[in-house]
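Hydrogens, waters and symmetry mates are skipped; everything else that's a heavy atom, side chains included, is used.
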Amino acid sequence: MYKIQMLNKIASTGLDLFPHDDYEIASSLVSPDAILVRSCDMHGMEFSSTLKAVARAGAGVNNIPVPELTEKGIVVFNTPGANANAVKEFVLLALLLSNRQAFAATEWLKTLAGKGDGITELAEKGKSQFAGPELKGKTLGVIGLGAIGAMVANAAIDLGMKVIGYDPFMSVSAAWHLNTHVAHAETLDSLLAKSDYVTIHMPQTNETKGFINADKLAEMKNGVRVINFARGGLVNNADMIAAIESGKVAMFVTDFAAEEFINNPKIICFPHLGASTPEAEENCAVMAVQQLRAFLETGVIENSVNFPRVVTDSPIPKNGMRLCIANKNVPGIVSKFSTILGEAKLNIAGMINQNRGDVAYNIIDIDGLIAGDTLAKLILIENVALVRPIFG
């Protein structure tokens, strides 16, 4: 029986994929095998020795202490692309709202309440103060061409915009899905200098915190419109407000609320609504649950942010077992696994070893069952973080 702890409400479409006879799912469990989370801040949490995986029903993982979990051999999953369409649609709305002063116009129109038959004439006379440009023919700079960024770029092309993309780490998969009319910026500087609109689609890390700052804003066109639906910490708030006050930035649209943003007429601020659609929540839940089940039941890893991708179609040996071992990526450690298993007269039916930077992960299929003392020897090997047996 696997125990799954939920730190946030997870769509039932995903939870229903857990076999009820094999899984216990609750918000408060003493020793969970895995954790399902959306936005709950996990920094500072104490983790049970039974914890094997954390699955984030969403793309960003800055609410999860990934380095700490990695040291413990705990795999952290996310669900890239599952909420991409929802965020893409909201970014398109932000582009339109950054141009057309829809909110200001509707608020002004409320001041005409009580004017009766005169409202139509007054509205016609006053509408010119809310005029704004069209998107067609303008240039959009997309920073980050992952699942969301690529979809935004493609949609902007369909709207008749010119699109420049910048992503030094773009995957081959993302490149295949990108419209051929999206121009590739050799440098970020060139994108910033040419764009009428800039939209950010990159992860927040220690290196990218405050990425959009005074220096980068200075490189942008005068009157640029900036959109941030990625992570709030990517933008230096004080620098953005200064750029708005100077006229450098005509409009800033963000999905991350801050005291200094509220009631600024040149800032449209939303309460993190980008992925708040029932479809996105269901997609993320389904993807997270599928990844957890595959990992817990077979040991395979797909869409982890801290461990390598390790997949296999081979079944666990009948009357045998599968060892899943997480360790630091150091020379000679795999041979130590083989030596210990050989000394125990256990035949290795198959082995997969993959690494990601300093982290390595192994799937070792064994004909036969491992004794407790042999398992203990594997766990005690220096630089081994976790050894988990799965029985056939």
Side-chain angles (χ1 to χ4, degrees), residues 39 41 43 58-63 83-84 86-99 103 138-149 151-153 156 163-169 185 187-276:
S39 58
D41 188 353
H43 293 278
V61 292
N62 55 306
N63 61 316
N83 61 8
V87 179
K88 175 210 74 176
E89 290 184 1
F90 209 35
V91 171
L92 295 180
L93 174 63
L95 279 170
L96 293 165
L97 291 175
S98 73
N99 271 359
F103 288 154
K138 306 300 190 307
T139 299
L140 172 66
V142 182
I143 303 175
L145 293 167
I148 297 171
M151 291 181 73
V152 169
V163 181
I164 306 172
Y166 176 78
D167 190 338
F169 308 107
T187 66
L188 178 61
D189 294 347
S190 65
L191 179 147
L192 297 177
K194 297 175 183 177
S195 300
D196 302 301
Y197 305 79
V198 173
T199 181
I200 312 162
H201 301 284
M202 58 192 295
Q204 180 180 315
T205 64
N206 291 334
E207 290 73 28
T208 62
K209 190 172 178 63
F211 183 79
I212 298 298
N213 54 27
D215 291 339
K216 290 189 175 64
L217 288 164
E219 296 179 28
M220 298 182 191
K221 283 185 176 182
N222 291 331
V224 67
R225 289 166 164 83
V226 181
I227 296 166
N228 177 27
F229 279 22
R231 283 292 178 266
L234 294 171
V235 174
N236 183 300
N237 292 0
D239 290 352
M240 177 59 70
I241 290 174
I244 288 171
E245 291 175 348
S246 71
K248 167 62 75 171
V249 174
M251 185 67 71
F252 177 49
V253 188
T254 178
D255 204 18
F256 307 99
E259 176 68 33
E260 57 269 38
F261 289 164
I262 297 173
N263 295 323
N264 188 313
K266 296 296 184 181
I267 297 177
I268 299 174
C269 189
F270 294 104
H272 204 182
L273 295 179
S276 294

Minimum heavy-atom separation for [X] and [Y], please, with both atom names.
{"X": "Thr187", "Y": "Ser190", "result": "O-OG, 2.8 Å"}
{"X": "Ala214", "Y": "Asp239", "result": "N-OD2, 2.9 Å"}
{"X": "Leu217", "Y": "Ala243", "result": "CD1-CB, 3.9 Å"}
{"X": "Val253", "Y": "Ala94", "result": "CG1-CB, 3.6 Å"}

Full working for side chain to side chain contact (heavy atoms under 4.5 Å, CB included) between Val226 and Val224: CA-CA 6 Å; Val226 181; Val224 67; 4.1 Å; yes
Side chain [X], main chain [Y], donor-acceptor under 3.5 Å:
{"X": "Lys194", "Y": "Thr139", "value": "no"}
{"X": "His272", "Y": "Ala257", "value": "no"}
{"X": "Thr208", "Y": "Phe211", "value": "no"}

Lys138 to Tyr197, cation-pi by 6.0 Å centre distance and 45° axis angle: no
Parallel, tilted or perpendicular: rings of Phe90 and Phe229 (30°, 60°): tilted
Residues forming a side chain to side chain contact (heavy atoms under 4.5 Å, CB included) with Ala156, sequence neighbours excluded: Leu140, Met161, Val163
Mind checking the [atom1]-[atom2] spacing from [X] to [Y]? Nearest 0.5 Å is all I need.
{"X": "Leu191", "Y": "Lys216", "atom1": "CG", "atom2": "NZ", "value": "12.0 Å"}
{"X": "Asn83", "Y": "Ile148", "atom1": "CG", "atom2": "CD1", "value": "5.0 Å"}
{"X": "Phe252", "Y": "Ile212", "atom1": "CZ", "atom2": "CD1", "value": "9.0 Å"}
{"X": "Asp167", "Y": "His201", "atom1": "CG", "atom2": "NE2", "value": "11.5 Å"}
{"X": "Arg231", "Y": "Ile200", "atom1": "CZ", "atom2": "CD1", "value": "12.5 Å"}
{"X": "Ile227", "Y": "Leu93", "atom1": "CD1", "atom2": "CG", "value": "9.5 Å"}

Side chains of residues 259-269: which donor-acceptor pairs under 3.5 Å do they make with residues two or more places apart or in other chains?
{"from": "Glu260", "atom 1": "OE2", "to": "Asn237", "atom 2": "ND2", "distance (Å)": "3.1"}
{"from": "Asn264", "atom 1": "OD1", "to": "Lys266", "atom 2": "N", "distance (Å)": "2.9"}

Option among Leu234, Thr199, Leu192, Ile164 that satisfies the side chain to side chain contact (heavy atoms under 4.5 Å, CB included) test with Ile143: Leu192
Within 6.0 Å of NZ in Lys221, more than 12 heavy atoms from elsewhere: yes
